[in-house]
K.L.:
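Take this structure, written in structure tokens, and hold onto it; I'll ask about it next.
Reckoned from all heavy atoms, side chains included, excluding hydrogens, waters and symmetry mates. This structure is a prediction, so every number in the text was calculated from the model and none was measured.
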Amino acid sequence: AQTVTQSQPEMSVQEAETVTLSCTYDTSENNYYLFWYKQPPSRQMILVIRQEAYKQQNATENRFSVNFQKAAKSFSLKISDSQLGDTAMYFCAFMRQGAQKLVFGQGTRLTINP
Amino acid sequence: DAGVIQSPRHEVTEMGQEVTLRCKPISGHNSLFWYRQTMMRGLELLIYFNNNVPIDDSGMPEDRFSAKMPNASFSTLKIQPSEPRDSAVYFCASSSINYYEQYFGPGTRLTVT
């Protein structure tokens with residue numbers, strides 16, 4: 001079974017700083033997808049960024065980018081120029097290709113301070 | 001598009017009562033997922049449907065839980081009888097079968113006293 005581990009329960013940075021959230025996963029699969037979801041206090045789950053395992057290029061979405069290390073089974077999220085609105089729980093998730101089932105990590109609570 | 005719609009947003013009920021949570025997926029999506037979020041267990045998949053047919057219900061905790069999808073635009077998750085340990089946030093999500101991104105609804109916060 002696949003597992004996803006987020007080793008940082010909480011993080012806190014100042015507005016405009018860059019922050020990196022860590023995620024590692026365990027799988028024997030070669031084809032899969034990785035995701036970062038954001039859950040603000042409103043509790044809505046919002047897809048931030050996705051990465052296909054077959055792509056070597058790291059995904060980017062505006063201020064959000066990932067560092068995907070397939071051999072190390074690592075998938076970190078970098079938030080540049082952090083904003084107050086980035087304050088949220090962030091969940092890393094794994095999906096085996098063709099499986100449709102998302103497996104989530106335990107989450108990292110990120111606080112952006114003014 | 002209105003996104004995934006869930007109702008109610010909050011539900012407070014007494015132990016032993018029946019609870020029904022409702023979900024309307026995004027129009028055109030043919031896969032629907034029910035997740036539960038708790039502090040102890042995090043986010044876990046309960047059941048999912050493709051084209052209204054249940055595909056994997058291995059996450060459903062016990063027989064007190066049941067889910068149906070009578071048509072492409074509506075699904076229910078029912079708990080009967082409810083217990084305090086069922087208190088959680090229940091999310092519905094939808095996607096297209098041939099595409100892997102899942103879009104979540106706002107969730108239903110269930111409190112069983």
K.L.:
Given a strict heavy-atom distance threshold of 4.5 Å, which part of Ala99(A) is in contact with chain B: side chain, backbone, both, or neither?
P.N.:
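The backbone, not the side chain.
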K.L.:
Side-chain contact, heavy-atom cut-off 4.5 Å: Leu47(A) with Gln102(B)?
P.N.:
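No. Closest side-chain heavy atoms not under 4.5 Å.
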K.L.:
Of the backbone (N, CA, C, O) and the side chain (C-beta and beyond), which part of Arg109(B) lies under 4.5 Å from a heavy atom of chain A, both, or neither?
P.N.:
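Both parts, backbone and side chain.
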K.L.:
Between Arg96(A) and Tyr100(B), is any pair of side-chain heavy atoms under 4.5 Å apart?
P.N.:
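Side-chain contact under 4.5 Å: no.
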K.L.:
If you measure from OH on Tyr48(B) to CG on Leu102(A), what distance do you get to the nearest 0.5 Å?
P.N.:
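If we round to the nearest 0.5 Å, Tyr48(B):OH and Leu102(A):CG are 11.0 Å apart.
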K.L.:
Hey, what do you get for CG (Leu43(B)) to CD (Gln106(A)), rounding to the nearest 0.5 Å?
P.N.:
8.5 Å
K.L.:
How about residues 53-68 of chain A versus chain B: which residues have heavy atoms under 4.5 Å apart?
P.N.:
none
K.L.:
Do Asn50(B) and Gln100(A) have side-chain atoms, one donor and one acceptor, less than 3.5 Å apart?
P.N.:
yes
K.L.:
When rounded to the nearest 0.5 angstrom, what distance separates CE in Met45(A) from SG in Cys92(B)?
P.N.:
13.0 Å
K.L.:
Angle class for the Phe104(A)/Phe104(B) ring planes (parallel below 30°, perpendicular above 60°, tilted otherwise)?
P.N.:
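Perpendicular: the ring planes of Phe104(A) and Phe104(B) meet at over 60°.
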K.L.:
Let me know if Gln97(A) has heavy atoms under 4.5 Å from chain B in its side chain, its backbone, both or neither.
P.N.:
neither
K.L.:
Please classify the contact of Glu44(B) with chain A as side chain, backbone, both or neither, using a heavy-atom distance under 4.5 Å.
P.N.:
neither
K.L.:
Report yes if the side chains of Arg43(A) and Arg9(B) come closer than 4.5 Å at any heavy-atom pair, otherwise no.
P.N.:
yes
